[in-house]
Amino acid sequence: MRGVLQNSEPMRRHTSWRVGGPADQCYTPADLADLSVFLRNLPAGEPITFVGLGSNLLVRDGGIRGTVVFTHAALAGLELVEREGRKEIFVETGVASPKVSRFAATHDYEGGEFLTGVPGTIGGALAMNAGCYGSETWDIVTQVLTIDRVGQLRERRHDDYSIAYRSVVPRFEGDEFFVGAWLYLQPGDGERSRRKIKSLLHKRIASQPLQIPNAGSVFRNPPGDYAARLIEQCGLKGVRCGTAMVSTKHANFIVNSGDASAADIESLIDHVHATVLEKCGIDLHREVRIIGEVAR
Ligand SMILES: Cc1cc2nc3c(=O)[nH]c(=O)nc-3n(C[C@H](O)[C@H](O)[C@H](O)COP(=O)(O)OP(=O)(O)OC[C@H]3O[C@@H](n4cnc5c(N)ncnc54)[C@H](O)[C@@H]3O)c2cc1C
């Protein structure tokens, strides 16, 4: 194996909320072939968690049992390829989504600008069907490359998954993780795409608390409404649990304004959920994923 193996690695170093206890072991592969060898040599039944940039993850203070695979910068391929008589972008899943939107613009493709606003990896974007400003990741996916628990690679089609708003459910049995994707974008005007990217970034800076650790929107928007509007209407902006706080800039963000624990953040999430349910009768569903064990 040519990658880097770490034991008892604190997950707070790998999540945008800057919280999370230790993972038993973490592996950063050298490349895809190396990842395949690593997975093949893991004991059967070993719990495996893939982590990108940790920008949608709350890892509990007790950490993660089993093996975490870090993809960011490890699975780093990004190129234009010819497929079925047209150009597509092939991207490995450790590449940051904003990099893909810039790459597309540089090569005069349009439609990938929204990825600028999603500060995770393409792997995380595929797992979450991440999106914004009316576009979603799977809108531009033609096929994905997956790896299973024993390192076997497979090409999967769009209809191998059931895709919905922030939801991607495989229609097949067994664990497979994303290692690559083929994206189709319309040929267009790179200069116009760059202008759109710039304007989306300005919108983000104006509306999101980007200077303070956070994990983006905590809850999905309910049909026909906005979670942020409901949370604000309940008077929850600025409410705290320890140093975890409902952002005063964007009510659907929770920020770690100091040394919050994952337990503080989770308690605040539960409080916001219960308050919106009680006052508005709306059962908000979480967008952020909570994993790992409670500290003993
Ligand atoms: C400031 C800010 C703004 C944000 N804005 C948006 C937004 O506009 N729209 C939006 O959709 N999201 C947004 N997010 C959330 C987040 O950036 C996205 O969900 C992103 O796609 C997560 O990518 P990641 O690499 O950080 O995934 P992680 O947080 O590392 O992982 C998220 C989930 O995906 C799984 N996963 C990761 N990689 C793989 C893989 N290779 N194979 C299988 N499973 C995998 C993980 O196990 C986990 O369950 C925002 C976050 C922040 C901090």
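Counting starts at 1 for both ligands and their atoms, following the listed order. On a predicted model such as this, the values are computed, not experimentally measured, just so you know.
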**OP:** Please check if Val95 and Trp138 belong to a single hydrophobic cluster, counting links between Ile, Leu, Val, Met, Phe, Trp and Tyr side chain heavy atoms closer than 4.5 Å.
**Re:**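 Same hydrophobic cluster.
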Subject >> Hydrophobic cluster identity match, Ile122 and Tyr133, side-chain contacts under 4.5 Å >> reply: no
Taking [atom] as the reference point, the nearest protein heavy atom with its distance:
atom: atom 18 (C) of ligand 1; result: Val118 CG1, 3.7 Å
atom: atom 5 (N) of ligand 1; result: Arg204 NH1, 3.0 Å
atom: atom 49 (O) of ligand 1; result: Arg289 NH1, 2.8 Å
atom: atom 28 (P) of ligand 1; result: Gly54 N, 3.7 Å
atom: atom 22 (C) of ligand 1; result: Ser55 OG, 3.4 Å
atom: atom 4 (C) of ligand 1; result: Pro119 CD, 3.5 Å
atom: atom 27 (O) of ligand 1; result: Gly124 CA, 3.5 Å

Numbering the atoms of ligand 1 from 1, which are under 4.0 Å from a heavy atom of [X]?
X: Asn214; result: 1 (C), 2 (C), 52 (C), 53 (C)
X: Gly131; result: 7 (C), 8 (O), 9 (N), 10 (C), 11 (O)
X: Gly216; result: 2 (C), 3 (C), 4 (C), 50 (C), 51 (C), 52 (C), 53 (C)
X: Ala130; result: 10 (C), 11 (O), 21 (O)
X: Ala127; result: 34 (O), 35 (C), 36 (N), 44 (N), 45 (C)
X: Ala215; result: 51 (C), 52 (C), 53 (C)
X: Ala125; result: 21 (O)
X: Cys132; result: 8 (O)

Original post:
Side chains of Thr116 and Ser101: donor-acceptor distance under 3.5 Å anywhere?
Top reply: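 Present: a donor and an acceptor within the cut-off.
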Original post:
Any chance the side chains of Asp270 and Ser267 put a donor and an acceptor closer than 3.5 Å?
Top reply: no
Per [atom], closest listed option by heavy atom ([options]):
atom: atom 12 (N) of ligand 1; options: Glu176, Glu287, Met128; result: Glu287
atom: atom 31 (O) of ligand 1; options: Leu53, Leu57, Leu115; result: Leu57
atom: atom 38 (N) of ligand 1; options: Pro213, Ser135, Gly123, Pro209; result: Gly123

Original post:
More than 12 non-hydrogen atoms from neighbouring residues, nucleotides or ligands closer than 6.0 Å to CD on Glu84, yes or no?
Top reply: no
Original post:
Got more than 12 heavy atoms from elsewhere within 6.0 Å of CD, Gln211?
Top reply: no
Subject >> Over-ring placement of Arg171 relative to Tyr161, 6.0 Å and 45° cut-offs >> reply: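 No.
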Original post:
Counting only heavy atoms, which portion of His72 has something under 4.0 Å from ligand 1: side chain, backbone, both, or neither?
Top reply: neither
Original post:
Heavy-atom contacts under 4.0 Å between Thr121 and ligand 1: side chain, backbone, both, or neither?
Top reply: both
Subject >> Full working for salt bridge (charged side-chain N to carboxylate O under 4.0 Å, His left out) between Glu191 and Arg194 >> reply: CA-CA 5 Å; Glu191 192 45 49; Arg194 273 189 291 277; 3.3 Å; yes
Original post:
Less than 4.0 Å between a side-chain N and a carboxylate O, is that true for Arg86 and Glu82?
Top reply: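 Looking at Glu82 and Arg86, the cut-off is not met.
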Subject >> Salt-bridge present (Arg65, Asp24; N to O < 4.0 Å) >> reply: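 A salt bridge links Arg65 with Asp24.
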**OP:** Step through it carefully: locate the ring centre of Tyr27, locate the ring centre of Phe38, and say whether they are under 6.0 Å apart.
**Re:**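 Ring centres of Phe38 and Tyr27 closer than 6.0 Å.
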Subject >> Ring centers of Phe219, His285 separated by less than 6.0 Å >> reply: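 Not under 6.0 Å, so no.
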Taking N or O atoms only and a 3.5 Å limit, does [X] qualify as a polar contact for ligand 1?
X: Phe178; value: yes
X: Asn56; value: yes
X: Gly52; value: yes
X: Thr71; value: no
X: Phe50; value: yes
X: Thr49; value: no
X: Gln208; value: no

**OP:** Give a yes/no on ligand 1: does Arg166 have at least one heavy atom closer than 4.0 angstrom to it?
**Re:** yes
Original post:
Does His14 have a non-hydrogen atom less than 4.0 Å from ligand 1?
Top reply: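 His14 does not count as a contact of ligand 1 under the 4.0 Å cut-off.
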**OP:** Decide yes or no on salt bridge (charged side-chain N to carboxylate O under 4.0 Å, His left out) for Glu287 and Arg220, but give the supporting numbers first.
**Re:** CA-CA 5 Å; Glu287 179 166 329; Arg220 301 182 212 173; over 6 Å; no
Subject >> Thr93 side chain vs Phe178 backbone, donor-acceptor pair below 3.5 Å >> reply: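 Indeed, once roles are kept as given, a pair shorter than 3.5 Å links the two residues.
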Original post:
Under the salt bridge (charged side-chain N to carboxylate O under 4.0 Å, His left out) criterion, do Glu232 and Lys237 qualify, and how do the steps go?
Top reply: CA-CA 6 Å; Glu232 187 165 357; Lys237 269 186 163 180; 3.5 Å; yes
Subject >> Worked verdict on Arg2 versus Asp31 for salt bridge (charged side-chain N to carboxylate O under 4.0 Å, His left out) >> reply: CA-CA 8 Å; Arg2 294 171 286 117; Asp31 53 31; 2.9 Å; yes
**OP:** Describe, in one word, how the ring planes of Phe70 and His14 are oriented to each other, choosing from parallel (under 30°), tilted (30 to 60°) and perpendicular (over 60°).
**Re:**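 Ring orientation, 0 to 90° scale: parallel.
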